[in-house]
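What follows is a single structure, written as structure tokens, with notes after it.
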Number of protein chains: 2
Amino acid sequence: MSLAGLFDVDSAATGQQVRAEPIQRRSAERLSTLLDAAAEAVDAVGFDRITTAMIAERAGASIGTVYRYYPDRVAVLQALHERTVLRFRQRVVEEFEASPPASWWDVVDCAVTAFVGLYRSEPGFRIMQFADRERANAAEGVNVESGFFATRLAIVLADRFGLPDEPQLIFRVEIAVEMANSLLCRAFLNDPLGDDRFIDECRRVVHDYLASFYGAAVAVPVAPPIAV
Amino acid sequence: MSLAGLFDVDSAATGQQVRAEPIQRRSAERLSTLLDAAAEAVDAVGFDRITTAMIAERAGASIGTVYRYYPDRVAVLQALHERTVLRFRQRVVEEFEASPPASWWDVVDCAVTAFVGLYRSEPGFRIMQFADRERANAAEGVNVESGFFATRLAIVLADRFGLPDEPQLIFRVEIAVEMANSLLCRAFLNDPLGDDRFIDECRRVVHDYLASFYGAAVAVPVAPPIAV
DNA sequence: TCGTCACTGAACGGAACTCGATCATATCCA
DNA sequence: TGGATATGATCGAGTTCCGTTCAGTGACGA
């Protein structure tokens with residue numbers, strides 16, 4: 001089973017946030033243009049100050065078009081959040097392909113590198129943290145995003161690197177994901193390039209936490225790492 | 001120097017959020033009533049869906065009264081956040097007095113216990129996490145809240161338990177605070193009583209992180225702990 | 001009794017959101 | 001192939017809701 005397959009970027013169980021599924025090609029483009037506009041707006045004025053008019057204008061569309069696709073203002077931001085999470089997962093896979101992980105801590109490094117890279121290059125990536133918390137209000141029953149990502153990550157770690165496939169593994173990976181997420185967001189809070197002290201400490205903390213259970217000995221290199 | 005003194009609950013350098021300082025007694029009551037109402041509203045409908053009318057109504061006041069004390073809607077939430085942070089610090093001090101910490105990890109335990117206790121009993125305590133992130137937009141220059149708390153905590157740890165008073169200490173305590181905050185918020189995300197697995201793991205993680213630098217050996221018990 | 005503090009709620013402005021009219025594209029049939 | 005028709009997609013003026021103001025009224029202290 002390939003790493004890319006495990007992360008299975010297509011099977012994103014998307015929420016019901018889209019009002020009308022796009023039929024014609026142009027509407028698919030519209031959808032992504034709207035999200036691009038929202039992402040720009042996030043960087044320009046921050047979450048709260050975004051207006052639907054602002055999104056429409058930046059996307060070269062009218063207000064009505066926004067509401068054709070999304071039921072309300074918040075739904076646009078949720079959709080942006082989902083797309084951002086998706087792109088993060090894609091980037092993690094790309095990192096895997098660029099420098100195949102030889103051990104479980106390389107996986108952690110890839111994920112951190114992907115996160116940092118996107119924070120620096122992807123417009124509106126700041127939205128990664130806000131919705132994690134915000135979601136709880138909206139959809140009570142829905143599982144937490146970080147839990148979903150953590151579960152998939154745990155599968156990779158178990159399948160490819162021999163970490164024991166217990167329920168505990170998922171829990172621990174979720175702890176690691178939560179910690180990493182908060183420390184990385186902190187790293188970018190006042191520094192647009194990310195404060196390296198926090199980024200480095202994030203790598204160390206997550207590594208040490210998982211190593212306290214799974215040590216370095218469990219690592220099962222599958223392929224030699226490629227120097228990049 | 002006493003623990004309470006270090007946490008020095010009075011010297012909260014309050015932001016400029018209040019429009020008119022209360023002169024008569026009744027207006028001081030109004031202020032706290034308004035914040036109580038806002039806190040209830042946070043629990044009832046969540047941050048975004050709070051309206052000024054809702055706050056006024058719950059407080060038994062008119063719209064105009066809200067705006068007499070706060071310049072805008074966001075300011076009310078910021079004030080609630082500050083009061084919540086203050087109460088958290090007070091509760092930490094109470095925990096100290098209830099069971100005087102004998103070592104630095106008792107301090108960590110007290111802080112976690114205080115956080116969990118307030119999350120369970122204090123209306124609107126959920127606001128603790130949101131503003132941490134949100135603040136960054138509003139006041140660019142202002143230091144992060146967690147940084148402020150971490151700094152004071154670091155002073156206690158250095159002063160009372162002999163942890164080395166280096167700049168590194170503050171940084172590490174801030175890392176610890178960020179991790180604890182995220183894990184505890186996660187604990188309450190789907191469980192109003194707090195998921196004990198996350199709470200317990202939070203204690204363990206923070207302890208292990210700090211112990212990796214300062215070990216158990218550095219602990220300097222000042223007074224025997226009181227059984228409660 | 002007077003002056004100041006506190007409170008009220010109708011009115012204003014702006015942003016979220018709706019909906020019927022209009023344009024663009026796909027499908028069908030001669 | 002071209003034109004008719006249906007349906008997807010877009011538009012934007014209009015409606016509603018909400019944040020905010022302010023002039024008028026009530027309450028308290030001197």
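Per chain, numbering begins at 1; letters A, B, ... match sequence-line order.
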Requested in this report: Rounded to the nearest 0.5 Å, what's the gap from CE on Met54(A) to CZ on Arg58(A)? Could you check?
Outcome: 6.5 Å

Query - Close side-chain approach of Arg186(A) to Leu189(A), heavy-atom, < 4.5 Å - result: yes

Query raised in the report: Can Ser62(B) and Arg68(B) be said to form a side-chain hydrogen bond (donor to acceptor under 3.5 Å, both in side chains), step by step?
Result: CA-CA 10 Å; Ser62(B) 70; Arg68(B) 170 166 176 78; over 6 Å; no

Query - Which residues share a side chain to side chain contact (heavy atoms under 4.5 Å, CB included) with Thr33(B), sequence neighbours left out - result: Ala59(B)

Query - Close side-chain approach of Leu77(A) and Ile50(A), heavy atoms under 4.5 Å - result: yes

Report task. Check the distance between dT4(C)'s C1' and Arg68(B)'s CZ and give it to me in whole angstrom. Result -> 10 Å

Query - dC17(C) OP1/OP2 closer than 4.0 Å to side-chain N/O of Tyr70(A) - result: no

Requested in this report: Compare all side-chain heavy atoms of Val74(B) with those of Asp48(A) and state whether any distance is below 4.5 angstrom.
Outcome: no

Report task. Kindly give the heavy-atom pair with the smallest separation between Leu169(A) and Ala158(A), and that separation in Å. Result -> CD2-CB, 3.9 Å

Sort me out a list of protein N/O and nucleotides 10-16 of chain C N/O pairs below 3.5 Å, or just none if empty.
{"unit_1": "dA16(C)", "atom_1": "OP1", "unit_2": "Thr52(A)", "atom_2": "N", "d": "3.3"}
{"unit_1": "dA16(C)", "atom_1": "OP2", "unit_2": "Thr52(A)", "atom_2": "N", "d": "3.1"}
{"unit_1": "dA16(C)", "atom_1": "OP2", "unit_2": "Thr52(A)", "atom_2": "OG1", "d": "2.9"}

Query raised in the report: Going by an N to O cut-off under 4.0 Å, is there a salt bridge joining Arg83(B) and Asp36(B)?
Result: yes

**Report entry** Aromatic ring proximity Phe188(A)/Phe198(A), centre distance under 6.0 Å
**Finding:** no

**Report entry** Rounded distance (Å) that lies between atom P of dA9(D) and atom CZ of Arg19(A)
**Finding:** 14 Å

Provide a list of protein-nucleic acid N or O atom pairs under 3.5 angstrom, restricted to nucleotides 24-26 of chain D.
none

Report summary line: Here the distance between atom P of dC5(C) and atom CD of Glu29(B), to the nearest Å, is 18 Å

Requested in this report: Would you please confirm or rule out a distance under 4.0 Å between OP1 or OP2 of dC11(D) and any side-chain N or O of Arg30(A)?
Outcome: yes

Query raised in the report: Between Thr65(A) and dC11(D), does any side-chain N or O lie under 4.0 Å from OP1 or OP2?
Result: yes

Report task. Could you check how far CD of Glu57(B) sits from P of dC7(C), rounded to whole Å? Result -> 17 Å

Query raised in the report: Taking atom P of dT20(D) as reference, at what distance in whole Å does atom OH of Tyr69(B) sit?
Result: 18 Å

